[in-house]
*Asks:* 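Input: one structure, supplied below.
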Amino acid sequence: MTVLDVSGLTYTYPNAGAPALRDVSLSVEPGEFVVLAGLSASGKSTLLRAASGLVPHFHGGEIAGRVVVGGLDTREHGPGDIAAVAGTLFQDPETQVVLGTVRSELAFPLENRGLGAAAVARGVEEVALALGIEALLERPTGELSGGELQRVALGAAVAGRPELVLLDEPTSQLDPVAGDELVWLLRRLNEEWGTAVLLCEHRLERCLGHADRVVALDGGAVVCD
């Protein structure tokens, strides 16, 4: 089963004159590392929002076609359901990290799945070790650097080992070293855990060496795969 299957997706935001996505079809297989490329307003972020269920459940608008994530059809399942099979990381970690300590932030998505205390503790230790943030577990999130905060946000997105992780310009606020490290960590998770990655990134030099595929969007349509 593909972890993401987009079929004939056309989407228009409310009060927008033109579609943000036009007849997009795309599939991501288990364990693939796929980079989304394109200029601003090409539809990259909108495609990730559709894959996470935010389009149309949060943004509204008009949609045609089909998006299936981890076997869940987004017409029937909203972002809460999709989060169980696909982790999401956006540009600004401050908007995603909501709890007071790193440990509680990493535990939150596992607790939301109804896991017991022992399973939550194991999951937190596992993801912290994988991302090299075990030394941060007791730190207040308000005291973290930008790079540390982005790692914690990534940890919360991949805690519980989702089948797919969706990332929208996750290095945009990081310095070159921290940005390269984040992409390297993504590839390591991809290889060691088998997590599929769909990464929207405009600094292509950071991620092309890690990618299995590059999908280019222009004017809301796939122009190269």
*Asks:* Please report the interatomic distance CG(Leu164) to OG1(Thr195), rounded to the nearest 0.5 Å.
*Replies:*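 So the gap between those two atoms works out to 9.0 Å.
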
*Asks:* For the residue pair Gly31 and Ala196, what are the closest heavy atoms and their distance?
*Replies:*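 The pair with the smallest heavy-atom distance is N-CB, 3.8 Å.
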
*Asks:* Applying the 4.5 Å side-chain criterion to the ILVMFWY set and letting contacts propagate, would Phe108 and Ile82 be lumped into a single cluster?
*Replies:*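 In one cluster with Phe108: Ile82, no.
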
*Asks:* Looking only at side-chain N and O atoms, does Ser45 offer a donor or acceptor that is under 3.5 Å from a partner on Asp168?
*Replies:*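 Yes, side-chain donor-acceptor contact under 3.5 Å.
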
*Asks:* Kindly list each side-chain donor-acceptor pair under 3.5 angstrom involving residues 210-225, sequence neighbours excluded, with atom names and distances?
*Replies:*
residue, atom, partner, partner atom, Å
Asp212, OD2, Phe33, N, 2.8
Arg213, NE, Asp225, OD1, 3.2
Arg213, NH1, Ser27, O, 2.8
Arg213, NH1, Glu32, OE1, 3.1
Arg213, NH2, Asp225, OD1, 3.2
Arg213, NH2, Asp225, OD2, 2.8

*Asks:* Is it true that, when you exclude Leu208 itself, more than 12 heavy atoms of the residues, nucleotides or ligands shown sit nearer than 6.0 Å to its CG?
*Replies:*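 It does: Leu208 CG has more than 12 such atoms within range.
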
*Asks:* Which pair of non-hydrogen atoms, one from Asp23 and one from Thr10, has the smallest distance, and what is that distance?
*Replies:*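 So the two residues come closest at N-OG1, 2.9 Å.
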
*Asks:* Just by modelled atom types, is the Gly179 backbone N or O under 3.5 Å from a matching donor or acceptor in the Arg206 side chain?
*Replies:*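 Here the side-chain-to-backbone pair does not exist.
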
*Asks:* Starting at CD of Glu201, measure out to OG of Ser172 and round the result to the nearest 0.5 Å.
*Replies:*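 One finds 7.5 Å between CD of Glu201 and OG of Ser172.
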
*Asks:* List the steps, then state whether side chain to side chain contact (heavy atoms under 4.5 Å, CB included) holds for Leu115 with Leu110.
*Replies:* CA-CA 6 Å; Leu115 298 183; Leu110 299 170; 4.0 Å; yes

*Asks:* Specify the closest pair of heavy atoms between Ala83 and Arg113, including all atoms of both residues, with the distance to one decimal.
*Replies:*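 So the two residues come closest at O-NH2, 3.9 Å.
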
*Asks:* Quick check: does any side chain N or O of Gln150 sit under 3.5 Å from a backbone N or O of Gly147, one acting as donor and the other as acceptor?
*Replies:*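 Not a single qualifying donor-acceptor pair exists.
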
*Asks:* Compare every heavy atom of Thr2 with every heavy atom of Pro30, then report the nearest pair and how far apart it is.
*Replies:*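 Scanning both residues completely, I find the closest heavy atoms to be CD-CA, 4.3 Å.
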
*Asks:* Tell me, do Ile133 and Leu106 make a side-chain contact under 4.5 Å, heavy atoms counted?
*Replies:*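 With C-beta onward as the side chain, the pair touches.
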
*Asks:* Where is the tightest heavy-atom contact between Thr141 and Val102, given as atom of each residue plus distance?
*Replies:*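 Here Thr141 and Val102 meet closest at CG2-N, 3.8 Å.
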
*Asks:* To the closest 0.5 Å, what do you measure between CG (Leu189) and CD (Glu191)?
*Replies:*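 The distance works out to 10.0 Å.
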
*Asks:* Checking Ser145 side chain against Glu148 main chain: does a donor-acceptor pair fall under 3.5 Å?
*Replies:*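 Flag set: sc Ser145 to bb Glu148 pair under 3.5 Å.
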
*Asks:* Using the test salt bridge (Lys or Arg N to Asp or Glu O under 4.0 Å), find all partners of Arg203 that sit at least two apart in sequence or belong to another chain.
*Replies:*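 Arg203 satisfies salt bridge (Lys or Arg N to Asp or Glu O under 4.0 Å) with no residue once adjacent residues are dropped.
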
*Asks:* Let me see the working for Leu154 and Leu186 under side chain to side chain contact (heavy atoms under 4.5 Å, CB included), right down to the final yes or no.
*Replies:* CA-CA 9 Å; Leu154 175 60; Leu186 277 173; 3.9 Å; yes

*Asks:* Can you tell me how far apart CG (Asp180) and OG1 (Thr171) are? Round to the nearest 0.5 Å.
*Replies:*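 It comes to 8.0 Å.
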
*Asks:* Is Arg122 salt-bridged to Glu126, going by a charged N under 4.0 Å from an acidic O?
*Replies:*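 Salt bridge between Arg122 and Glu126, a charged N being under 4.0 Å from a carboxylate O: no.
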
*Asks:* Decide, yes or no, whether a salt bridge links Arg103 with Glu134 under the criterion of side-chain N to carboxylate O below 4.0 Å.
*Replies:*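 Salt bridge absent between Arg103 and Glu134.
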
*Asks:* Is the backbone of Phe90 close enough, under 3.5 Å, to the side chain of Gln96 for a donor and an acceptor to pair up by distance?
*Replies:*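 Checking the backbone N and O of Phe90 against the side chain of Gln96, a donor-acceptor pair under 3.5 Å is found.
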
*Asks:* Under 4.5 Å between side-chain heavy atoms, counting indirect links through other Ile/Leu/Val/Met/Phe/Trp/Tyr residues: same cluster for Leu149 and Leu137 or not?
*Replies:*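 In one cluster with Leu149: Leu137, yes.
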
*Asks:* Does Leu199 reach the side chain of Leu36, with side-chain heavy atoms less than 4.5 Å apart?
*Replies:*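 No, too far: nothing below the 4.5 Å cut-off.
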
*Asks:* Tell me whether Leu99 shares a hydrophobic cluster with Val97, the cluster being built from Ile, Leu, Val, Met, Phe, Trp, Tyr side chains joined at under 4.5 Å.
*Replies:*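 No, separate clusters.
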
*Asks:* Check whether Lys44 reaches the backbone of Glu169 with its side chain - one donor and one acceptor, N or O, closer than 3.5 Å.
*Replies:*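 No, the answer is negative, given that no donor and acceptor are paired below the 3.5 Å cut-off.
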
*Asks:* Taking the side chain as every heavy atom from C-beta outward, state whether Glu29 and Val3 have any pair of such atoms under 4.5 Å apart.
*Replies:*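 No - every pair of side-chain heavy atoms lies 4.5 Å or more apart.
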
*Asks:* Within the structure provided, determine whether Val6 and Leu9 are in side-chain contact (heavy-atom separation under 4.5 Å).
*Replies:*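 Yes, their side chains come closer than 4.5 Å.
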
*Asks:* Given Cys200, which partner from the list Leu166, Leu167, Leu48 fulfils the side chain to side chain contact (heavy atoms under 4.5 Å, CB included) test?
*Replies:*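 In the set Leu166, Leu167, Leu48, the residue that makes a side chain to side chain contact (heavy atoms under 4.5 Å, CB included) with Cys200 is Leu48.
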
*Asks:* Start with the C-alpha distance between Leu204 and Val35, add both sets of side-chain angles, then the distance that settles side chain to side chain contact (heavy atoms under 4.5 Å, CB included), and finish with yes or no.
*Replies:* CA-CA 8 Å; Leu204 294 179; Val35 170; 3.9 Å; yes

*Asks:* To the nearest 0.5 Å, how far apart are CZ in Arg139 and CG in Leu144?
*Replies:*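 Arg139 CZ to Leu144 CG: 5.0 Å, rounded to 0.5 Å.
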
*Asks:* Kindly indicate whether the side chain of Leu47, heavy atoms from C-beta on, has any atom under 4.5 Å from the side chain of Tyr11.
*Replies:*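 No. Closest side-chain heavy atoms not under 4.5 Å.
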
*Asks:* Under a single-linkage definition using a 4.5 Å side-chain heavy-atom cutoff for Ile, Leu, Val, Met, Phe, Trp and Tyr, are Leu21 and Val34 assigned to the same hydrophobic cluster?
*Replies:*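 Yes, Leu21 and Val34 fall within the same hydrophobic cluster.
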
*Asks:* Of all the heavy-atom pairs spanning Pro109 and Ala156, show the shortest one and how long it is.
*Replies:*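 Where Pro109 meets Ala156 most closely, the heavy atoms are CG-O, 3.4 Å.
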
*Asks:* What donor-acceptor contacts under 3.5 angstrom involve side-chain atoms of residues 54-72, with partners at least two apart or in another chain?
*Replies:*
residue, atom, partner, partner atom, Å
His57, NE2, Thr74, O, 2.5
His57, NE2, His77, O, 3.4
Arg66, NE, Asp73, OD2, 3.0

*Asks:* Establish whether Trp193 and Val165 are linked, either directly or via other cluster members, by ILVMFWY side-chain heavy-atom contacts under 4.5 Å.
*Replies:*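 Same hydrophobic cluster.
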
*Asks:* When you compare the side chain of Val127 with that of Leu131, does any pair of heavy atoms fall below 4.5 Å?
*Replies:*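 They are in contact (side-chain heavy atoms under 4.5 Å apart), so the answer is yes.
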
*Asks:* Are a donor atom and an acceptor atom from the side chains of Thr101 and Glu138 found within less than 3.5 Å of each other?
*Replies:*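 Per modelled atom types, Thr101 and Glu138 side chains form no pair under 3.5 Å.
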
